[in-house]
Amino acid sequence: MYLKGENITFGYKKDNLILKDVNISLGSGEIMGLVGDSGSGKSTLCKILAGYETRYKGKVSLDGKPLPAKGYNPVQLIFQHPEKAVNPKWKMKDILNEGHTVSQDILDSFGIKKSWLNRWPNELSGGELQRFALARALSPKTRFLIADEITTMVDAITQAQIWNVLLGIVEELNIGVLVVSHDRNLINRVCHDIIYLKDISSA
Ligand SMILES: Nc1ncnc2c1ncn2[C@@H]1O[C@H](COP(=O)(O)OP(=O)(O)OP(=O)(O)O)[C@@H](O)[C@H]1O
């Protein structure tokens, strides 16, 4: 299965393009790094590929078909700030199991403690909350994961732990991953391939 972006062209304002004719193809089980200067449009491309931003020109497809308009999104996007992706009025157990019941194995792998399930999102650290976001996104229905600076808020040891767990699960489920990070060590360590996004705003 392939997630493709073809000739993606986009600007938040008409006369100021951020992305121009960007092509990207990500296969199942592939781990691809997306790097580029700050402001070059990496997060914007992530949002387009996951269907969050739809005002672009070009084509996004999953095995040749558009992303499903309703129901579960097989292209899951995880951001740098997990607190923005959760409902602050829901307890963690409800947030976690909203789409499907997350397996105990996945909870254990990410080191999610039972006592955390009864907490509110603001009672967890950024790193703890991010484990929930990942556990929730790794549903059996997920085909691609877009990881936009997902471990920027944690220390190096925690970063390594989270990535080890994540890579194990995506390999098992044959999920393709797009990894956005300014940390070149991380990119070099985990990615099979790297694509570079050129900043066109100064061109
Ligand atoms: N919602 C928005 N409205 C208007 N402009 C935006 C919006 N989001 C981002 N931008 C602008 O679009 C450009 C690309 O932003 P984007 O966040 O995609 O870059 P990035 O490569 O992910 O940057 P960084 O590495 O700093 O996170 C930037 O100039 C940014 O200011």
Side-chain angles (χ1 to χ4, degrees), residues 3-26 30-62 66-67 69 73-88 121 125-134 136-137 142 144-156 158-160 162-163 166-167 170 175-203:
L3 173 64
K4 284 189 184 175
E6 291 166 271
N7 300 314
I8 303 294
T9 297
F10 176 81
Y12 289 98
K13 290 186 197 133
K14 250 191 182 162
D15 50 356
N16 186 12
L17 287 183
I18 307 289
L19 304 168
K20 189 165 187 303
D21 286 328
V22 173
N23 289 289
I24 182 167
S25 173
L26 183 64
E30 193 178 353
I31 318 281
M32 187 185 279
L34 175 63
V35 301
D37 292 340
S38 183
S40 57
K42 301 180 297 297
S43 296
T44 303
L45 182 59
C46 290
K47 287 182 201 151
I48 290 173
L49 290 171
Y52 283 48
E53 175 58 71
T54 55
R55 296 169 293 170
Y56 60 91
K57 282 196 184 127
K59 189 174 161 191
V60 173
S61 62
L62 200 57
L67 298 181
N73 187 354
V75 183
Q76 288 283 305
L77 174 59
I78 305 280
F79 309 94
Q80 179 177 354
H81 297 288
E83 65 281 1
K84 291 187 187 163
V86 297
N87 185 336
S125 74
E128 289 163 356
L129 210 50
Q130 195 64 300
R131 293 161 200 251
F132 276 93
L134 287 165
R136 181 175 73 160
T142 298
F144 292 93
L145 185 77
I146 301 190
D148 188 1
E149 298 277 7
I150 61 167
T151 49
T152 306
M153 80 294 270
V154 298
D155 59 80
T158 309
Q159 181 189 74
I162 290 179
W163 276 101
L166 180 58
L167 293 175
V170 297
I175 290 173
V177 188
L178 186 65
V179 185
V180 178
S181 178
H182 287 287
D183 181 344
R184 287 307 290 269
N185 287 331
L186 174 73
I187 293 277
N188 292 339
R189 203 169 65 240
V190 306
C191 297
H192 308 150
D193 218 342
I194 301 176
I195 70 162
Y196 300 85
L197 204 54
K198 211 172 122 201
D199 189 346
I200 60 161
S201 59
S202 55

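In each ligand, atom 1 is the first atom listed, and ligand 1 is the first ligand listed.
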Original post:
Is the shortest distance from a heavy atom of D148 to ligand 1 less than 4.0 Å?
Top reply: no
**OP:** Considering heavy atoms of the protein only, find what lies nearest to atom 18 (O) of ligand 1 and give residue, atom and distance to 0.1 Å.
**Re:** T44 OG1, 2.5 Å
Original post:
Do T158 and D155 have side-chain N/O donor and acceptor atoms under 3.5 Å apart?
Top reply: yes
Original post:
Is the closest protein non-hydrogen atom to atom 26 (O) of ligand 1 under 4.0 Å?
Top reply: yes
**OP:** May I ask you to identify the nearest protein heavy atom to atom 19 (O) of ligand 1, giving residue, atom name and distance to one decimal place in Å?
**Re:** G41 N, 3.3 Å
Original post:
Looking only at N/O atoms, are S40 and ligand 1 under 3.5 Å apart anywhere?
Top reply: yes
**OP:** Would you kindly say whether Y12 and T44 are connected by a side-chain donor-acceptor distance under 3.5 Å?
**Re:** yes
**OP:** Give the residue and atom name of whichever protein heavy atom lies nearest to atom 9 (C) of ligand 1, and the separation in Å to one decimal.
**Re:** Y12 CE1, 3.4 Å
Original post:
For atom 17 (O) of ligand 1, which protein heavy atom lies nearest, and how many Å away is it?
Top reply: S43 CB, 3.6 Å
Subject >> Side chain H192, main chain E30, donor-acceptor under 3.5 Å >> reply: no
**OP:** Ignoring hydrogens and angles, tell me if any N or O in the side chain of K4 forms a donor-acceptor pair with the backbone of K59 under 3.5 Å.
**Re:** no
Subject >> Enumerated ligand 1 atoms positioned under 4.0 Å from heavy atoms of K42 >> reply: 18 (O), 19 (O), 20 (P), 21 (O), 22 (O), 23 (O), 24 (P), 25 (O)
Original post:
Do any heavy atoms of G39 fall under 4.0 Å from ligand 1?
Top reply: yes
Original post:
For V154, does its backbone N or O pair with a side-chain atom of T151 as donor and acceptor, under 3.5 Å?
Top reply: no
**OP:** May I ask whether H182 has any heavy atom positioned less than 4.0 angstrom from an atom of ligand 1?
**Re:** yes
Original post:
So, does S181 use its side chain to make a donor-acceptor pair with the main chain of D183 at under 3.5 Å?
Top reply: yes
Subject >> Side-chain donor/acceptor of Q130 to backbone N/O of I150, under 3.5 Å >> reply: yes
Original post:
Would you find a donor on one side and an acceptor on the other, under 3.5 Å apart, between the side chain of E149 and the backbone of H182?
Top reply: yes
**OP:** Show which atoms of ligand 1 fall inside a sub-4.0 Å distance from at least one heavy-atom site of D37.
**Re:** 21 (O)
**OP:** Using a distance threshold of 4.0 Å (strictly less than), state whether atom 30 (C) of ligand 1 has a protein heavy-atom neighbour.
**Re:** no
